[in-house]
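Here's the structure we're looking at; comments come further down.
Note on naming: letters A, B, ... go to the chains in the order of the sequence lines (proteins, then strands), and numbering restarts at 1 for each one. Please read these numbers as outputs of a predicted model, since none were measured by experiment. Worth knowing before you read on, the calculation uses all heavy atoms, side chains too, and leaves out hydrogens, waters and symmetry mates.
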Amino acid sequence: MVRTRFAPSPTGYLHIGGVRTALFNWLFARRHGGQFILRIDDTDQQRNVAESLEPILAGFRWLGIDWDEGPDKEGPHGPYFQSQKLNRYQQAADKLLDAGLAYRDYARPEEIQTEREAAQSAKRDFIYSRRWMAETDRQQAAFEAEDRQSVVRLKMPREGSVVIDDLVRGRVEVQWAREQDHVIQRADGTCLYHLASVVDDYDMQISHVIRAEEHLSNTPRQVFIAQGLGYELPQYAHVPFVAEPGSKNKLSKRKLEKYLKNREFAKIYDHGQRIAERLGLEISADTFNPVIVDFYEQVGYLPDAIINYILLLGWSLDDKTEEFTRDEMIENFSLERVNKAPASFDPQKLTAFQSRYMSRVPADEKVLLVLPYLETAGLIDSPVTDETKAMVGKIVQAAGDRITVSGDILDYADFFTADDELTYDEKAFEKRLRKPPDAAALLADFKEILAAAESFDAESLEKTLKDFVEARGIKIGQIIHALRVAVTGKAQGFGMFETLAILGRERCLVRIEQALK
RNA sequence: GGCCCCAUCGUCUAGCGGUCUAGGACUCCGGCCUUUCACGCCGGCAACACGGGUUCGAGUCCCGUUGGGGUCACCA
């Protein structure tokens, strides 16, 4: 039975790199008819776990990555919070102690620090002297008499080596002597990540540990722990991390400032920011960051587009297939086809996937996607009337591919603002209405024609304008730009005739009149 | 710095010894379409890090160099 897991610590946000790792775990489990477990690594949490966890769970739900066991989904191998398993880890630590594979260490932190610095200045690897190691009751008593406290350290072998057969990287051999005597339990009895992680993987019967490459160097000590506890080892697969745009550094949430210097990254961010502003969202650097999944949800990306893009960050099927439905991903995913080198996060390609996916969403579904943005921006009333819905439907239809993320609907806010509150883009107004000598006159004349037009649908309007142009012996460009600015306030938008039709006769006339003043 | 990992167009990648004068996608650059902005369509630029081997034959295997990265906590 294949069982995989993703073990986030409750940090309050879901990172793109984390999603990628989780996705691979999820896909692998689904591919093999196994289970995907979500486990919470909160061994070191002072903060509010529930609060910091929620955005992560919400992110996964939004993306459609479901877990078979974990928070809100009890299973036979719980608890799924490490903070609830302290006794269990204690047992494991004791067992290691009894077996002589770990020891109580009474060194004070500054003493370790001194040894470390000495090693450093002598340009040697730091290996703890074990000077404060206590393996007998007498030694313990002696150290305790000095008012020392003990932690539990792994007693790593000082010769030989360990071989990890990694499903992605192949055979990796590491000398035991390179490994430190890592602390697995603090003086206060709480346990550290490595111990907890190994114990949990065993308790939860994890068959495949699929995680990011930075954990590769942790693996030997985990193998040591697992072997010491008599556990059967899981299969390891260390996938490369997701790198920054344009570099091979690990993508980090904290470097937003730096990434914003990247033009394409900034483009995504700015686009999102414009939408957030119109929504009146409070932008917090904590979540409003294209490195974090939340950002995409807020701005109106499609989960499927994001997932598809992320899938290709380090995995490919062949030389041409790029698009995958969930089922296709599940059907085709394999660890053998995971790349070894890190893949850079490419904002442009993400955008391309998003546009492509969005362009395929049927108009009626797009309306549903877009409505909440109009509501939040205060442009339409809730509950939404059928009339409003119909109008939004027309706009969505007319806008077509111009709406790349749901929040883009706000580009067409002008349809919802009161006519007398319409603002005109100054530059466009100057160029299209004031500067051309005949623009105003033509517009005034055309307004009369519009007023008298028999029907006001896009098709008839097109004919009306073309007749007008022909009768006057002018080019369409001489009037249409002025008309657009007059009616929308902007230099660009979707089809002119659709625009007029959606606004309706009354509003068009009012707006033209207003522009002519 | 030690240890470990990695290395094909700017980016994501295909390539598991000959079919590679290296394929696809995104970006970019031309052109077409066009009432603006997009979309779409057509075309184009662009890569096997370097040096040694192995082999009849190397992008593909081996070694080294260079470069990049990860990791060296009483964080996860």
* Structure fact -> For nucleotides 20-26 of chain B, 5' to 3', base contacts (B), sugar-phosphate-only contacts (S) and non-contacts (-) with protein non-hydrogen atoms under 4.0 Å give ---BBBS
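Under the Watson-Crick and G-U wobble criteria, each requiring two contacts below 3.5 Å, nucleotide B:G43 is paired to B:C29. With a 3.5 Å ceiling on both atom-pair distances, the Watson-Crick or G-U wobble partner of B:G1 is B:C72.
Using a 4.0 Å heavy-atom cutoff across all strands shown, A:G493 reaches at least one base atom of the nucleic acid. When heavy atoms are screened at a 4.0 angstrom cut-off, A:A107 is found touching base atoms of the nucleic acid. Among the heavy atoms of the strands lying under 4.0 Å from A:R178 are primed sugar atoms or P, OP1, OP2 only; no base atom is included. Residue A:F494 is in base contact, counting any heavy-atom pair closer than 4.0 Å across all strands shown. Using a 4.0 Å heavy-atom cutoff across all strands shown, A:H182 reaches no nucleic acid atom at all. Residue contacts for A:G246: at a heavy-atom cut-off of 4.0 Å it reaches no nucleic acid atom on any strand shown. Nucleic acid contact class of A:D188 (heavy atoms, under 4.0 Å, all strands): none. Using a 4.0 Å heavy-atom distance criterion, A:R211 is classed as making no nucleic acid contact. Across all strands shown, A:R221 has no heavy atoms under 4.0 Å from either base or sugar-phosphate atoms. A:V151 comes within 4.0 angstrom of a base, heavy atoms only. Within 4.0 Å (heavy atoms only), A:K250 reaches sugar-phosphate atoms of the nucleic acid but no base atom.
Exactly one of A:E264, A:E322, A:Q354 qualifies for a side chain to side chain donor-acceptor pair (under 3.5 Å) with A:K349. That residue is A:E322.
Stacking of A:H194 onto the six-membered ring of B:A76 is not present when judged by under 5.5 angstrom between centres and under 30° between planes.
Within a 6.0 Å sphere centred on CZ of A:R263, heavy atoms belonging to other residues, nucleotides or ligands number 12 at most.
Looking at which nucleotide of RNA chain B each of A:V174 and A:I112 is closest to, the 5′-most match is held by A:V174.
In this structure, A:F6 has its ring center at least 6.0 angstrom away from the ring center of A:W67. Taking the six-membered ring for Trp, A:Y357 and A:Y301 have ring centres at least 6.0 Å apart.
Taking 4.0 Å as the cut-off between side-chain N and carboxylate O, A:R360 and A:E323 count as a salt-bridged pair. With respect to A:R88 and A:D200, no salt bridge is recorded, no charged nitrogen being found less than 4.0 Å from a carboxylate O.
On a pure distance criterion of 3.5 Å, no polar donor-acceptor pair joins the side chain of A:D42 and the base of B:A76. In this model, no side-chain donor or acceptor of A:R169 finds a partner on the base of B:C5 within 3.5 Å.
For A:R186, the side-chain atoms get nearest to B:A76 when compared with the rest of B:U35, B:A7, B:A76. When distances run from any side-chain atom of A:I480 to the nucleotides B:A14, B:A76, B:U35, the shortest one goes to B:U35.
Within the structure, side-chain hydrogen bond (donor to acceptor under 3.5 Å, both in side chains) pairs that include any residue of residues 182-191 of chain A comprise A:D44-A:R186, A:Q90-A:Q185, A:H182-A:R221, A:R186-A:T190, A:D188-A:T190 (at least two apart or interchain).
Rounded to whole Å, atom P of B:C4 lies 15 Å from atom CG of A:D166.
By the side chain to side chain contact (heavy atoms under 4.5 Å, CB included) test, A:K490 pairs with A:D414, A:T488, A:Q492, sequence neighbours left out.
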